[in-house]
Asker: 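Structure below; questions to follow.
All values reported here derive from a predicted model rather than from experimental measurement. In what follows, chains are A, B, ... by sequence order, proteins preceding strands, each numbered from 1.
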Amino acid sequence: MSRGPELIITEKDNAARRIADILSGESAAADRMNDVNVYEWGGKRCIGLSGHVVGVDFPAEYNDWRDVEPVELIDAPVTKTPTQEGIVAALRRLARNASRVVIATDYDREGELIGKEAYELVREVNEDVPVDRVRFSSITENEVQEAFANPDDLDFELAAAGEARQTIDLTWGAALTRFLSLSARQLGDDFISVGRVQGPTLKLIVDREREIQAFDPESYWELTGELAKSSGDPFEARYFYLNDEGNERERVWDEAVADTLTEALAAADGATVDDVTRRTQTDDPPTPFNTTAFIRAAGSLGYSAQRAMSLAEDLYTAGYVTYPRTDNTVYPEDLEPEELIADLGDSPTFGEDAASLLDEDRDIEPTEGDEETTDHPPIHPTGELPAAADLSDDEWEVYELIVRRFFATCADPATWERLRVVALANGEATPIAERADGLAALRDAEDAAKPADLTADGGLRLKANGKRLLEAGYHEVYPYRSSDERIVPDVEVGETLALSGRTTEAKETQPPRRYGQSRLIEEMEKRQLGTKATRHRTIEKLYDRNYVESDPPRPTRLAEAVVEAAEEFADRIVSEEMTAQLEEDMAAIAAGEKAYDEVTEASRELLSRVFDDLTDSREAVGDHLQTSLKADKTLGPCPECGSDLLVRKSRQGSYFVGCDGYPDCEYTLPLPSTGKPLLLDETCEEHDLRHVKMLAGRKTFVHGCPQCKADEADEQEDEVIGVCPDCGEGAASPRDGDGETADAGGELAIKRLRSGSRLVGCTRYPDCDYSLPLPRRGEIEVTDERCEEHDLPHLRIHSGDEPWELGCPICNYREFTARQEGSELQAVEGIGEKTAAKLKNAGVDGVDELKSADPDDLAADVDGVGADTVRDWQAKAD
DNA sequence: GCAAGGTC
């Protein structure tokens, strides 16, 4: 047997480094191999992978979408190939002479699969080396030592469960994605995708939109009044009644009833306290952060799911917080909250709060959530303190959130005093039912939502709910949850209160709200769609595929069409059932009750049946998708030919409005150069075109009707700034030879083109085509300063916060072209900006001159450059 | 170029 070192393999570099530190007592030395860290100490070496270093795919002959029928993918072989070549090569090299291999990947299903992938790479180069598996759910001294003292075997069945998922996801996803894309002739970047996770997620969004569309608002009324003690602030109280089931209701669904109640309330001049209830309520501190809870909390601070995760990853990489992708909501046993709080207390920001937590005369027992898993600890600060200056504002805000959440989980519950007061409006002796014509009849006809008894006690009931914070508890350290009080004064039964400020508000029931990103992630988690590491990315993917727009995400017509097509022919791909079934099958494989082949074969069989139906409807599906795609891009009628005006993308990647009748109709309108256009439902009354919003992150703005904008631009007159150097007064030689003289007097003007771009051009265009470019963005200001050489005013550009000086447009253009020539040299490997400038000083302006120069002469003229270097450049420039 | 899952 080989006597080489022992090799430990982890899932990521970060874990490798920390495990090496623990096992070596911080004596491990880091070395680089193929850009990968290898930690080495006393006969052991440790390498971190980067998650999956091999990926599943079809063999190359299936690559061309047009050469392969999507249905062929169902039974196509699925192969594994290295995706991280450097890491795989390093792993093979290290494994070759290893005397023992220990797999120390994450303690979850995917970690087992990643471990098995590493195992297979090891076996390729070393058939005999013993391979062990260690499992730990947090990288702490105790857990790691314990795990390495009791090694186990790889669980090949658990890994096979993961492989079944890979195969099923690939075959269903690829076959159906290609089918939809081909049927709608959407190839290239604009393919139409579906998958086990993105499908049901998209359906959640589309279903919610359908509910909103179908929503029929109902009117109702709410009555309030203000009550007050003789000397005291008024407090709001709301009318309520008991329905037939005896439940309290505030909404009055009938206008006649509301009118009668309003009258009765107006007639009352006071109210008598009928009931007072006091109770204390405990408000428990929040549970530790897992990924979903973190995304939600960051979402309420205004961060998108994607942004929140990216910031948390930065904080993790910098060592300030623990691993941000976790399902766990229970801190590990060996976490020492007191120590951690004390460490964080060294920060000026957290010092006081830390002290108050430690000061309390009690044991700190952190809260626990329902979810306890083996993958990683909940997200918490590591105790390593960043200086506020080390972090961006956003990073700091998220870091503070994580610290305060940790504090909150170690803090006391808050307690509230709840006070409920019910008062009867007085001054109304007559039962209301007798005053209101036909009210009794109304009551009989209405359903259970109507007032059962408006007047049981000879008056209207009003209620007020007050809350007062008795013990702030965790709110002291965690200000992200509301601790607002609602003050209702102490009153006694029988006490008379003044009644004023009566209002009757007419309201309507509201449709359900769209899912925000964090709500969507919560819904996905509830349905087991995706994982902690992928849910936010799935949402991002829906944006990329033009399935949703704006925030909260709204589905496009394309998304509706995809969901409709799937519902009709491939319901599984948009149903959460597919994941539920897969989870069940994976559990069965992991338990040894089913085999990988059995599960994947059954899945392929199901997919075949889906394709039986689908293939016949290829054209219908394709047409429907294409119609929807067009609807997403249609603004309204073309003023020249009546066809549809569509948002289009130029070859350069910029957006513009063009006619569907092209090439017969060449009508176009410009769109702003920043952002991605989103068509709003709002339509321009004059041109019947949908308004356009430009989505550009924080710089998002509403452009409005593109026709109106183009008309406005047309109305702006050219602004003359000087004389044309080519054909203007005193020009050395008029350009055109048709007898025109310099006296024709061409002038230079700032011109605004319909495309939205601007330039300095000659007023005699097209007879004279002298022109100078201007920046695309910003307002152009013509200043009083003048260029003496060219007799033109200096220009100033207003864009962003600070205006900048463009100066004389001719000088500016000369500098620009000079820089361009400099950069031509920079295209040669080894020549940077400074060297290019030096070469230029030596008279070498372009690549051609460089190639024709004598190496020795040139080297003599340029500081720090030898003749061999010049020859080297000349060789590379060829 | 397809999925979903790791990681950066």
Asker: Any side-chain N or O of A:R325 below 4.0 angstrom from OP1/OP2 of B:dT7?
Answerer: yes
Asker: Can A:F191 be called stacked on B:dG1 when the rule is centres closer than 5.5 Å and an angle between planes below 30°?
Answerer: no
Asker: Measure the distance from CG on A:D375 to P on B:dG5 and round it to the nearest whole Å.
Answerer: 14 Å
Asker: Take A:L315 and A:E395 through the test side chain to side chain contact (heavy atoms under 4.5 Å, CB included) and record every step on the way to the result.
Answerer: CA-CA 7 Å; A:L315 293 169; A:E395 283 168 342; 4.3 Å; yes
Asker: What is the nucleic acid contact for A:Q84, judged by heavy atoms within less than 4.0 Å: base, sugar-phosphate only, or nothing?
Answerer: base
Asker: A:R178 near the nucleic acid: base, sugar-phosphate alone, or nothing, with a heavy-atom cut-off under 4.0 Å?
Answerer: base
Asker: So for A:D57 and B:dC2, does any side-chain atom that can act as donor or acceptor lie under 3.5 Å from a complementary atom in the base?
Answerer: yes
Asker: Provide, to the nearest angstrom, the distance between the CD atom belonging to A:Q166 and the P atom belonging to B:dC2.
Answerer: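 Going from CD in A:Q166 over to P in B:dC2 covers 17 Å.
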Asker: As a test of reading the structure: which of B:dG5, B:dG6, B:dC8 is closest to the side chain of A:R196, going by heavy atoms?
Answerer: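 Selected nucleotide: B:dG5.
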Asker: Quick one, A:I8 and A:I47 - any side-chain contact, counting heavy atoms below 4.5 Å?
Answerer: no
Asker: As a test of reading the structure: which of B:dG6, B:dA3, B:dA4 is closest to the side chain of A:R165, going by heavy atoms?
Answerer: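 So the side chain of A:R165 is nearest to B:dA4.
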Asker: How many Å lie between NE2 on A:H376 and P on B:dG5, as a whole number?
Answerer: 15 Å
Asker: Does OP1 or OP2 of B:dG6 have a side-chain N or O of A:R537 closer than 4.0 Å?
Answerer: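 The answer is no; no side-chain N or O of A:R537 sits under 4.0 Å from OP1 or OP2.
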Asker: What nucleic acid atoms does A:R109 come within less than 4.0 Å of, heavy atoms only: base, sugar-phosphate, or nothing?
Answerer: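 Nothing, no nucleic acid heavy atom in range.
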Asker: Would you check if the side chain of A:T177 reaches a backbone N or O of A:V194 as a donor-acceptor pair within less than 3.5 Å?
Answerer: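 A pair under 3.5 Å: yes.
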Asker: Would you please confirm or rule out a distance under 4.0 Å between OP1 or OP2 of B:dT7 and any side-chain N or O of A:Y323?
Answerer: yes
Asker: Does CZ belonging to A:R648 count more than 12 external heavy atoms closer than 6.0 Å?
Answerer: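 For A:R648, atom CZ is crowded (more than 12 foreign heavy atoms under 6.0 Å).
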Asker: For A:E523, is there an ion pair with A:R519 - N to carboxylate O distance below 4.0 angstrom?
Answerer: yes
Asker: Quick check on B:dG1: is either OP1 or OP2 less than 4.0 Å from any side-chain nitrogen or oxygen of A:S181?
Answerer: no
Asker: Side chain of A:E313 only, heavy atoms from C-beta on: which candidate in B:dC8, B:dG1, B:dG6 is closest?
Answerer: B:dC8
Asker: To the nearest angstrom, how far is A:D189 atom CG from B:dC2 atom C1'?
Answerer: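 The answer, rounded to whole Å, is 13 Å.
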Asker: Hey, does A:N63 reach any base, or is it just sugar-phosphate, or nothing, if we go heavy atoms under 4.0 Å?
Answerer: base
Asker: Would you say A:T534 reaches B:dA4's phosphate, i.e. side-chain N/O to OP1/OP2 under 4.0 Å?
Answerer: no
Asker: Which of parallel (below 30°), tilted (30 to 60°) and perpendicular (above 60°) describes A:Y323 and A:H376?
Answerer: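 Judged by the thresholds at 30° and 60°, the geometry between A:Y323 and A:H376 is tilted.
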Asker: With a 3.5 Å cut-off and just heavy-atom distances, do the side chain of A:T317 and the base of B:dC8 make a donor-acceptor pair?
Answerer: no
Asker: Which is true for A:L187 with a 4.0 Å heavy-atom rule: it touches a base, it touches only sugar-phosphate, or it touches nothing?
Answerer: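 The residue A:L187 makes base contact.
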Asker: Between A:K12 (NZ) and B:dG6 (P), how many Å, whole number?
Answerer: 10 Å
Asker: State whether A:Q198 places a side-chain N or O below 4.0 Å from either non-bridging phosphate oxygen (OP1 or OP2) of B:dA4.
Answerer: yes
Asker: Tell me which of A:G530 and A:R66 sits closer to the 5' end of DNA chain B, going by the nucleotide each one is nearest to.
Answerer: A:R66
Asker: Quick check: on DNA chain B, is the nucleotide nearest A:I114 upstream (toward 5') of the one nearest A:Y62, or the reverse? Name the residue that is more 5'.
Answerer: A:Y62
Asker: Can you check the A:E163 CD to B:dA4 P distance for me, whole Å?
Answerer: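 Interatomic distance, CD of A:E163 to P of B:dA4: 19 Å.
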Asker: Whole angstrom is fine here: how far is it from CZ in A:F58 over to C1' in B:dG1?
Answerer: 13 Å
Asker: If only side-chain N and O atoms of A:K541 are considered, is one of them under 4.0 Å from the OP1 or OP2 phosphate oxygen of B:dA4?
Answerer: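 Yes, A:K541 has a side-chain N/O under 4.0 Å of OP1/OP2 on B:dA4.
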Asker: Think A:S193 has a side-chain N or O under 4.0 angstrom from the OP1 or OP2 of B:dA3?
Answerer: yes
Asker: Counting only side-chain heavy atoms from C-beta out, which of B:dG1, B:dA4, B:dC2 sits nearest to A:D64?
Answerer: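 My answer, after comparing the listed nucleotides, is B:dG1.
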Asker: Students often mix this up, so state it plainly: with edges at 30° and 60°, are the rings of A:H380 and A:F406 parallel, tilted or perpendicular?
Answerer: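 Plane angle between 30° and 60°, so tilted.
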Asker: Rounded off to whole Å, could you give me the CG-to-P distance for the A:D314 and B:dC8 pair?
Answerer: 12 Å
Asker: Once you apply a heavy-atom cut-off of 4.0 Å, does A:S50 come out as touching a base, just sugar-phosphate, or nothing?
Answerer: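 Base contact.
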Asker: Could you tell me whether A:V56 contacts a base, only the sugar-phosphate backbone, or nothing, with contacts defined as non-hydrogen atoms closer than 4.0 Å?
Answerer: base
